[in-house]
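Labels below follow one simple rule: chain letters A, B, ... track the order of the sequence lines, proteins then strands, and each chain is numbered from 1. This one's a predicted model, so the numbers in the text were calculated from it and none came from an experiment.
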Amino acid sequence: MDGSSIDQSTTSEPISITPSPAKKLRRVGSGASVVIDAAAESGVEAESRKLPSSRFKGVVPQPNARWGAQIYEKHKRVWLGTFNDEEMAARTYDTAAHRFRGRDAVTNFNPLSEHHHDEIAFLNSHSKDEIVDMLRKHTYDEELEQSRCQSTRGPRSQGSEHLFEKEVTPSDVGKLNRLVIPKHHAERHFPLKGGSISIGVLLHLEDSGGKVWRFRYSYWNSSQSYVLTKGWSHFVKEKKLQAGDIISFRRSTGPDRQLYIDWHVMNSGPNDPIAPGRAQPAILRLFGVNVLEVSRNGGGDESFGFQNTDKKQRIIDSL
DNA sequence: CCATGTGTTGAT
DNA sequence: TCAACACATGGG
């Protein structure tokens with residue numbers, strides 16, 4: 001049921017985007033748009049209050065002569081920020097689409113190809129919320145560039161790819177001492193072979209602090225679900241996991257295929273979609289950055305300053 | 001203030 | 001899912 005396979009003709013030109021700036025429109029102040037071409041003014045009853053549509057997917061006009069980018073997921077809009085350049089907004093949408101919908105998402109410009117394997121890795125190693133945050137703050141290109149520099153720096157850091165994430169439920173962090181792994185994610189990333197289904201296997205997951213966690217992973221016939229059982233409650237306790245928090249799984253791209261588990265607090269929820277001005281800079285950095293370095297910093301990092309205090313405390317506790 | 005981003009609705 | 005449109009609102 002992969003809905004997005006509207007591959008046009010060839011791989012070279014998926015969508016014909018011919019910038020046709022024939023119209024010279026300038027939008028003014030409070031939502032009005034005005035034709036500045038003097039010749040066109042006469043005779044035309046200027047319906048100038050209407051905003052010009054964008055020729056790009058995921059791009060909407062803003063009253064202040066700028067452009068907004070947005071993408072939809074699960075019937076809800078995810079705002080990707082505002083931009084001066086219409087094309088920049090379009091590229092922003094493309095990036096989000098690639099992260100949300102994969103390699104062959106329908107985009108405004110060229111699809112991600114083998115030439116961009118490093119960008120694909122970068123996208124997959126960050127959560128959707130992280131990517132959205134970069135896009136809204138216009139720091140995506142910068143962070144992508146930084147990740148490229150880091151990866152080529154010595155044999156130190158092994159790359160890893162994002163597998164999937166889950167917003168934990170109350171029962172996941174409750175007394176049942178188990179985590180349900182959504183079936184499609186489980187079968188895609190953690191397949192259980194034949195006899196292992198009933199008895200289960202032992203998974204070793206490393207967290208961002210380098211600590212290795214051992215979980216029993218098995219299939220429960222009674223509930224027809226894949227679960228982490230033994231060991232899971234210890235993780236919940238140490239990380240002070242709460243319902244609504246996000247756990248994400250990654251796997252080393254190296255030969256070791258090391259598994260990683262990380263967590264962060266909910267960014268977008270049913271009620272509060274995305275905190276506008278104050279995203280979660282400090283929290284979001286838990287993934288890509290050396291967390292120990294932050295704690296050694298003597299708390300000098302002021303980016304923690306404006307976060308909800310109990311959430312902050314939980315993060316500090318986990319370091 | 002006013003740019004931003006949300007509420008909302010109607011199309012595809 | 002998507003964009004059009006109105007406008008609340010909160011950050012400067």
- prompt: Starting at CD of A:E86 and ending at C1' of C:dA3, how long is that distance when rounded to a whole Å?
  reply: 14 Å
Dump the pairs, protein N or O against N or O of nucleotides 10-12 of chain B, anything under 3.5 Å, distances to one decimal.
none

- request: Return yes if the base of B:dG5 and the side-chain atoms of A:Q70 contain a donor-acceptor N/O pair under 3.5 Å, otherwise no.
  value: no
- prompt: What integer distance in Å separates A:N64:CG from C:dG12:C1'?
  reply: 15 Å
- request: Taking only the side-chain heavy atoms of A:R101 (C-beta and beyond), determine which of C:dA3, C:dC2, B:dT6 contains the nearest atom.
  value: C:dC2
- prompt: Does a side-chain N-to-carboxylate-O contact under 4.0 Å join A:K239 and A:D245?
  reply: no
Atom pair distance, as rounded to whole Å: CD in A:Q62 and C1' in C:dC7: 12 Å
- line: A:Y72 atom OH is separated from B:dT6 atom P, nearest whole Å, by 11 Å
N or O in side chain of A:S53 less than 4.0 angstrom from C:dA4 OP1/OP2: yes
Interatomic distance where CG belongs to A:L51 and P belongs to C:dC7 [whole Å]: 14 Å
- request: Assess whether ring-ring contact (aromatic ring centres under 6.0 Å, His included) is satisfied between A:H184 and A:F164, documenting all intermediate values.
  value: CA-CA 10 Å; A:H184 60 287; A:F164 64 92; 8.2 Å; no
query: With side chains defined as the heavy atoms from C-beta onward, is the minimum distance between A:V180 and A:K166 less than 4.5 Å?
result: yes
query: Across the strands shown, which category fits A:G68 at heavy-atom distances under 4.0 angstrom: base, sugar-phosphate, nothing?
result: nothing
query: Can you check whether A:K57 has a side-chain N or O nearer than 4.0 Å to OP1 or OP2 of C:dC2?
result: yes
statement: Rounded to whole Å, CZ of A:R77 lies from P of C:dA4 at a distance of 12 Å
- request: State which residues pass side-chain hydrogen bond (donor to acceptor under 3.5 Å, both in side chains) with A:D118; sequence neighbours excluded, sorted by chain then number.
  value: A:R148
Plane angle bin for A:F235 and A:W213 - parallel if under 30°, tilted between 30 and 60°, otherwise perpendicular: perpendicular
- request: Before accepting this row, confirm whether a basic side-chain N of the pair A:R178/A:D172 lies closer than 4.0 Å to the acidic partner's carboxylate O.
  value: yes
- request: Using a strict 4.0 Å threshold on nitrogen-to-oxygen distance, state whether A:R55 and A:E86 make a salt bridge.
  value: yes
- request: Please evaluate the base of B:dG5 for a donor-acceptor partner in the side chain of A:R136 within a cut-off of under 3.5 Å?
  value: no
task: Rounded to the nearest angstrom, tell me the gap between atom CD in A:E73 and atom P in C:dA3.
output: 15 Å
- line: Rounded to whole Å, CH2 of A:W67 lies from C1' of B:dG5 at a distance of 16 Å
